[in-house]
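To start, the structure under review is shown below, and the notes come after it.
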Amino acid sequence: MALAHEVEYSGTTRLFEEGGTADRFWIIRSGDVALDVQIPGRGRAVVETIGVGGLLGWSWLCPPRQWHLGAETRNPVSAWEFDAAEVRELCVTNPAFGLVLVTLVAETIGDRLRATRTRLLDLYGPQASGARP
């Protein structure tokens with residue numbers, strides 16, 4: 001937590017875009033952030049919402065360090081923001097911490113992949129509830 005600083009976002013704020021440079025991450029203290037994927041010809045589709053206590057952002061850990069999804073606040077959000085380069089350096093100097101952090105981030109990646117798959121199947125699968133005629 002020594003590397004964190006508090007941030008506040010009021011209303012709807014675009015935090016990052018798919019494909020942008022992933023140089024930070026957040027732990028949500030209050031509010032909600034929608035993760036979305038850009039679907040050609042359809043726009044953005046929300047695949048998951050991150051709430052209190054959730055980790056927002058993992059792309060900073062894995063090269064090429066570009067966001068895999070986009071993110072936008074849905075309401076006022078307060079969070080702890082971390083500079084990714086500082087955290088990666090701490091992982092190098094403290095391998096035990098690094099292992100714990102990488103394990104937690106890997107769990108988050110798995111959860112996000114499952115949520116994205118489920119949402120896309122819901123939108124575009126054979127029985128899609130979100131399909132357009």
Side-chain angles (χ1 to χ4, degrees):
M1 291 304 295
L3 299 178
H5 68 275
E6 293 184 29
V7 294
E8 305 275 338
Y9 302 99
S10 59
T12 303
T13 304
R14 194 81 183 150
L15 297 177
F16 53 84
E17 296 288 348
E18 193 175 339
T21 301
D23 59 357
R24 68 195 73 204
F25 66 96
W26 301 261
I27 297 175
I28 306 300
R29 296 177 54 223
S30 67
D32 300 296
V33 178
L35 294 175
D36 56 51
V37 61
Q38 185 68 34
I39 299 174
R42 293 198 170 213
R44 295 181 183 123
V46 173
V47 294
E48 189 174 2
T49 302
I50 309 303
V52 175
L55 172 66
L56 175 61
W58 56 263
S59 301
W60 59 273
L61 188 59
C62 308
R65 297 188 175 94
Q66 293 179 323
W67 297 117
H68 290 78
L69 301 169
E72 186 170 284
T73 62
R74 298 185 75 117
N75 45 41
V77 167
S78 65
W80 288 294
E81 183 178 88
F82 296 82
D83 178 276
E86 290 178 353
V87 174
R88 284 193 305 270
E89 181 60 31
L90 180 58
C91 290
V92 168
T93 60
N94 185 339
F97 169 77
L99 177 60
V100 170
L101 181 65
V102 167
T103 300
L104 290 170
V105 171
E107 289 174 10
T108 298
I109 293 169
D111 291 344
R112 301 276 158 77
L113 288 172
R114 283 186 292 279
T116 300
R117 181 179 187 277
T118 299
R119 180 67 175 139
L120 292 176
L121 285 171
D122 180 50
L123 288 171
Y124 302 109
Q127 306 293 319
S129 61
R132 297 180 187 162

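Values below: all heavy atoms of this structure, side chains included; hydrogens, waters and symmetry mates excluded.
- Interatomic distance, CG of Leu15 versus CD1 of Ile50, reported as 11.5 Å (0.5 Å rounding).
- In the hydrophobic cluster analysis, where Ile, Leu, Val, Met, Phe, Trp and Tyr join through side-chain heavy atoms closer than 4.5 angstrom, Leu61 is grouped apart from Leu99.
- Between the side chain of Thr13 and the backbone N or O of Thr73, no donor-acceptor pair lies under 3.5 Å.
- Criterion: ILVMFWY side-chain heavy atoms under 4.5 Å apart, direct or through other members. Under it, Val105 and Val100 are not part of a common hydrophobic cluster.
- For the residue pair Cys91 and Gly98, the shortest heavy atom distance occurs at SG-CA, 3.6 Å.
- Taken to the nearest 0.5 Å, the NE2 atom of His5 stands 4.0 Å off from the CD atom of Glu81.
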### Task
Output, in order, the C-alpha distance, side-chain angles, deciding distance and verdict of side chain to side chain contact (heavy atoms under 4.5 Å, CB included) for Arg65 and Asp23.
CA-CA 7 Å; Arg65 297 188 175 94; Asp23 59 357; over 6 Å; no
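- Shown here for Glu86 and Asp83, the closest heavy-atom pair between the two residues is N-OD1, 3.0 Å.
- The distance from atom OG1 of Thr49 to atom CD1 of Ile28, rounded to the nearest 0.5 Å, is 11.0 Å.
- In the hydrophobic cluster analysis, where Ile, Leu, Val, Met, Phe, Trp and Tyr join through side-chain heavy atoms closer than 4.5 angstrom, Leu113 is grouped together with Trp58.
- Contact check on Arg114 versus Glu48 returns no salt bridge, with no Lys/Arg side-chain nitrogen under 4.0 Å from an Asp/Glu carboxylate oxygen.
- In this structure, Asn75 contributes its side chain and Asp32 its backbone to a donor-acceptor pair below 3.5 Å.
- Residue Ser30 comes nearest to Val52 through the heavy atom pair CA-CG2, 3.8 Å, listed as atom of the first residue, atom of the second, then distance.
- Judged by distance alone, with hydrogens and angles left aside, the side-chain atoms of Trp67 form a donor-acceptor pair with the main-chain N or O of Thr21 at under 3.5 Å.
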### Query
Step by step, would you call His68 with Ile109 a side chain to side chain contact (heavy atoms under 4.5 Å, CB included)?
CA-CA 11 Å; His68 290 78; Ile109 293 169; over 6 Å; no
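- With values rounded to the nearest 0.5 angstrom, Leu69 atom CG is found 5.5 Å from Leu35 atom CG.
- Sorted by first and then second residue, the ring pair (Phe, Tyr, Trp, His ring centres under 6.0 Å) pairs involving residues 89-118 (not counting sequence neighbours) form an empty list.
- Residues satisfying the ring-ring contact (aromatic ring centres under 6.0 Å, His included) criterion with Phe25, sequence neighbours excluded, are Trp60, Phe82.
- Between Val33 and Ala71, the closest heavy-atom pair is CG1-CB, 3.8 Å.
- Distance check: Phe16 CZ to Leu56 CG gives 4.5 Å after rounding to the nearest 0.5 Å.
- In this structure, Gln38 contributes its side chain and Glu18 its backbone to no donor-acceptor pair below 3.5 Å.
- Rounding to the nearest 0.5 Å gives a distance of 11.0 Å between CZ of Arg29 and CD1 of Ile27.
- Considering all non-hydrogen atoms of both residues, Gly70 and Arg14 come closest at CA-NH2, 3.6 Å.
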